[in-house]
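Residue numbers start from 1 in every chain, and the chains themselves are labelled A, B, ... in the order their sequence lines are given, proteins ahead of strands.
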Amino acid sequence: MPPKTIPMPLAEFELLVLLAALRLGPDEAYTVSIADQIRQRTGRSVRRANVYTTVQRLETKRLLTTRLGEPRPERGGKPRRLVTVRPAGVAAVRAMTDAIQAMAGELGAVLGTAK
Amino acid sequence: MTRSPRWAAFLLRALAPRGEADDVLGDLEEAHRVRLQHYSAPTACTLTAIEAIDVAAALIRTRLARLRIRENGTVHDYKLGFRMLVKYPGLTLAGGLALAIAIGIGAGWYDAVGDVLRPRLPLPGGDRIVEIEMRNQMAGRDEQRLLHDFAAWRRDLTSVEELGAYRTVERNLVLGDARPEPVTVVEISASAFRVANVPPLAGRPLLDSDEQPGAAPVVVLGHDVWRQRFGGRRDAIGETLRLGQTPATIVGVMPEGFAFPVNHRLWVPLQIRQSGYAPLEGPLIRVFGRLKPGITQAEANAEVSALATRAAADSPATHERLRPRILAYGGESPGDRSWLEFLVTHGPILLVLVVACVNVGTLIYARTATRDAEIAMRYALGASRERIVAQLFVEALVLASVAAVIGLAVADRALKWGLTAYYAGQDGGAPFWVNPGLKLSTVLYALGLTVVGAAVLGVLPAIKATGLQVQAHLRTVGAGGSTLRFGGVWTTAMIAQVALTVICLPPAMGITQEVRRDRAIRSRFPARQYLAVRVELDRDSTPPADQTYRELERRVAQLPGVVATRFADRLPGMGVAVRSAEVEVSSETAPRLVENLWTSAVEPRFFELFDTPIVAGRDFHEGDRVAGAQTALVNEAFARQLPGASAIGRRVRFASSDPTKPEPWFEIVGVVRDIGMTPTDAGEAPYLFRAASPLTTFPLVIGVRVAGDPAALAPRIRAIAADLDAGLRVDEIRALDEHVWRVELPGMIAAGTIAGVVGLGLFLSAAGIFSLMSVSIARRRREIGVRAALGASRARLIAGIFSRALILVGSGVVAGNAVIVFVVALSEEARIADVAGALLVTSAVMLTVGLLACVEPARRALRIEPSEALKEA
C-alpha cells in the first residue's frame, strides 16, 4: 500500500499548537491557553511570542482561523483572539500523526515504548 | 488590577507592526491576570512588559520574513547587478567613471550654486534676511556709495524691516602694551543683531544709541577674539582696547560661530552723519534687512524698484542708471525660488549627465545585446516584460549607485579643498554660511540624479531589448549569434559623441598648451627673490602718512638680506588689473582703442627693482607724482601696438563708462622693457604705468628684493611696522612666487578639467566603438564563418568588419570638423588656416582611437572556426 500523502507538511511546534487548539476547542483556544496546554502536557517551556507567530503562520497556511472573542468584563478589557482549527488543519494533523504512527508503530521495543 | 500595565500596551503598540498589536493585547491581559496570581504586582507588570517586547519582536520577525520572501526577487536583482559589475569590468570602469564624473559634477555644481545663489544661513529665520544691492547699469558694477539711499530706504521702504548697513575696515588691535596686530573690524548698524536674532554670550550687543554721534566708542567681541585675547574672562566686559588710535570699551561677547555680516569677529557701531549725505557721497557700505512677515522677495523688489524710479526722477544725474535689487542674503538670487531659476542654473550641467548616460547606455545596450538569448528564454518561460525591464533597471541602478558614491566622495573632497583654498587667500576666511563639503540636500539631489540616470541608461536599452524582436529571437536562440542591432538612435548618439569629442579636442589642446606656455614664461622671472608687503595706515594717524611710509621703507631697506625696496599698487605677476584705453595716434584720426590694457601705479625707479631698463624716453621722477602731472610709462608690448615711430609723446586715457565725462589724458614719457610676467597669445600684455605716491595708492605694496629666504624677513618687517605707528598695518606678506602660483592655479585647474573631460570622451568613444563592433561580430558570426569557409581572405574579412566602424568614426570626425569650420568662419578673430593643423591632429587621434577599439573585436572575428559556425547554422 502506498504511503498516504501528507496534505500540508507541519513543523513540530505547529503540530503541537494545532493539537492544543483541538484539545481546547474553538471557544477556549487562544494564545495563553494554548501555551499553557503545551506546557502542561509536554512539560516544555513555551514562549507565548512563539505561539503568536505560529498561529499567524498557520493562519497564513489556511490551517486555522482566528476571531476576536468577547471583551473581558472589566472596564476597558480587551477581547481574546480565539483559534479555530479548519478541516485542512485537522487533515494535516491527522496526516502527520498517521505518518508518525506508521513510522514508529513497530519500533516499540527499540524506542522503549512497548507495553 | 487585572489589566496589563498601560506601558506594556504602549510598548507593544509602538514596536509591533501596525494593526497587529491590538490582536494580541487581549491575550497579553489574560497572561497578566494569570501572572498576578503568582507574583506581586510590580513583578507581574515587569514580566508583562518584557513579554510585550518579546511578542512585538516576534511579530516583527514574522513580518520581515514575509517581506524577505516577497523581496527575494528584487534582492536577487541587486545581487545580479553586483555580479554584472564584476563580470564586465571594462563596462564597469568606463561607465562607472563617466557616471561618477557626471554625477560628481552635477552634485558639486548644485552644492556650489546653492551657496552662491541662495545660501542657507545658520541663523533663526535666515531665509528672510536680504541684502539690497545697487547696480550701476552703465558701468556694469555694483554701486556701494549708498549712505544717501540707505537713509531714504530706512525712511520709505515698508517691506523690509530692521534695515542696517555695514562696512569692513582694517585696524590694528592694541591691547595694553602688546604689539599691535592687524584685525578686520566691521562698522555696523545695531539692527544687525536684531536681524541675526542671536543673543550675546555675555554683555550686550550694539544698541541704536551707540550709533549716535558723540556716543562713547564701544566694541562687541567675537568668541574667538574673546578666548584668544582675553582668555575667555567674563570680566573682560568693561575693559578698554584700542583699534588703531581709537580706544573702545568692550560691551559684549557674541557666541561661538557668530560672524554676521560675513566673517567678522569685532563689531563697532556705524556712525552716520546726522546732517545726511548727498547722493553717492560717503564711504562704501552694504545694506541688509529682514523681509517683513508675509512679504515675498518679489514684492520687496517691486517696492524698492518703485523707490528707485522716484530717486531717478529726483536725482537723474546720479540715479538714472542705478537699479536696486533685493537679494537673498549672501546670495545672488534676485527673486523667489522657482523652477525657472533651477533650470537656468542646473540645466547645462544636467546635460553633461544626459550625455554621460547616453554614452553608458550605449555600452549597456551592447552588453544587453550579448544577453538577448537569456532575455528571450525568460520571456518564453513566463517572465513579464516589466519584470525583465525592472531587472535591467536594477542592474543599471547598481552601476549608477556605485558611481554616485565615488562621484559624491570626490566632489566632497574637491569642494572642501577648493573652498578652503579659495577663502584662504581672502581676508577673514570663509563667510559664516559657507560650510565646505556636500550638504544633505545635495546628497538627496545626487540620489535623484542616480535614479534618473539609471532609468535613462537601463530602461531605454531594456525596452529596446525586450521589444518585438524577442519573440522573433526565440526562433534563433539555438543557432547562436545575436539579433539585437545598434539602431539609428544609438548610431546617431555615437556619431554625436565622436563629433563632440572632436570639437572639444582643439580647445583642450589649446588651453593646455597656453597654460604650459605661460608657466614656462613666468618661470624665467626670479619671483622667489621678491617679497610683496601690503601695508595700510589709518587715516587719523600722526605723523603724516607719507612720512610714515618713507620711514617704513627706509627701515626695511636697512634689514640684512634686503637688496632694494620700491612702492607700487602691485608687483608684476600679482593678479589682473585690466582696463580699456584710448591712444591718440594723430591729430587727424580718432583715438585707437587698446583693450585689456594692464595698469599699475609705481614710484620712480620702480623698474630698477627688477633690473628692467627704460628703453626709450625717461623714468618717472618726483615731479611726476604731483597732482596734474599726468605722465605715464608703457611697456614695449604697448609701444608695438602703436603705428609709426616712437610712443614717446603720445597721449593715452582710460575708457570712460560715461561718454560725457571722459577720463583725463596721460602723456607717455618712457618705454620700459617687457618684464615677462603677463604672457598672452600675442606675447607680453600691453602695460601702462602711472606715477604713484604712497598717499594716493591703494592697495599699497612694498616690493622687497631679497638675497636669501624672503619668508625669514616677514616677522621682522611686522615688528618694524608695529614699532613705527599703531595705525600702520601689515595686512599681508607673501613671497611673489606665491602670488604667481595663485594666478596660475585657476588656469591649471581649468586645463586639467578640460583635458580630463576630453580624455573621458575619447575613452567613451573607444568603448562605444568597441561595443558596436562586439555586437556586430556576434550578430554576423555565422556569416563570417560561411565566408571564411568559402575561402574569403582574412584581409577581406577584416575590411568588412572595420568598414562600419570607419564609417561611424569618419561621420563623427566630419561632423565635428564641420562644426569647427563653421564656428571659425563666423569668427572674426580666427582663420581656418589657424585651426587646420589642429583639425588634422584631432582627426588622426580620433581615427586611431576608433581603429584601436576595433582590434579586439577583429581578433575575435578571425578566431571564428568556419566548421563551428556552419554547424550553428
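- For B:Gln37, the CD atom is densely surrounded, since the number of other residues' heavy atoms within 6.0 Å is greater than 12.
- Interatomic distance, B:Leu25 CG to A:Leu68 CG, rounded to the nearest 0.5 Å: 10.5 Å.
- At most 12 non-hydrogen atoms from other residues, nucleotides or ligands lie less than 6.0 angstrom from CZ of A:Arg62.
- Residue A:Arg39 qualifies as enclosed at atom CZ: its count of foreign heavy atoms under 6.0 Å is above 12.
- A salt bridge does not link A:Arg48 to B:Asp27: none of the charged side-chain nitrogens sits closer than 4.0 Å to a carboxylate oxygen.
- Taking OH of A:Tyr52 as the reference point, atom CG of B:Leu28 lies at 5.5 Å (rounded to 0.5 Å).
- Minimum interatomic distance between A:Ala49 and B:Asp54 (heavy atoms only, all atoms of both residues): CB-OD2, 3.5 Å.
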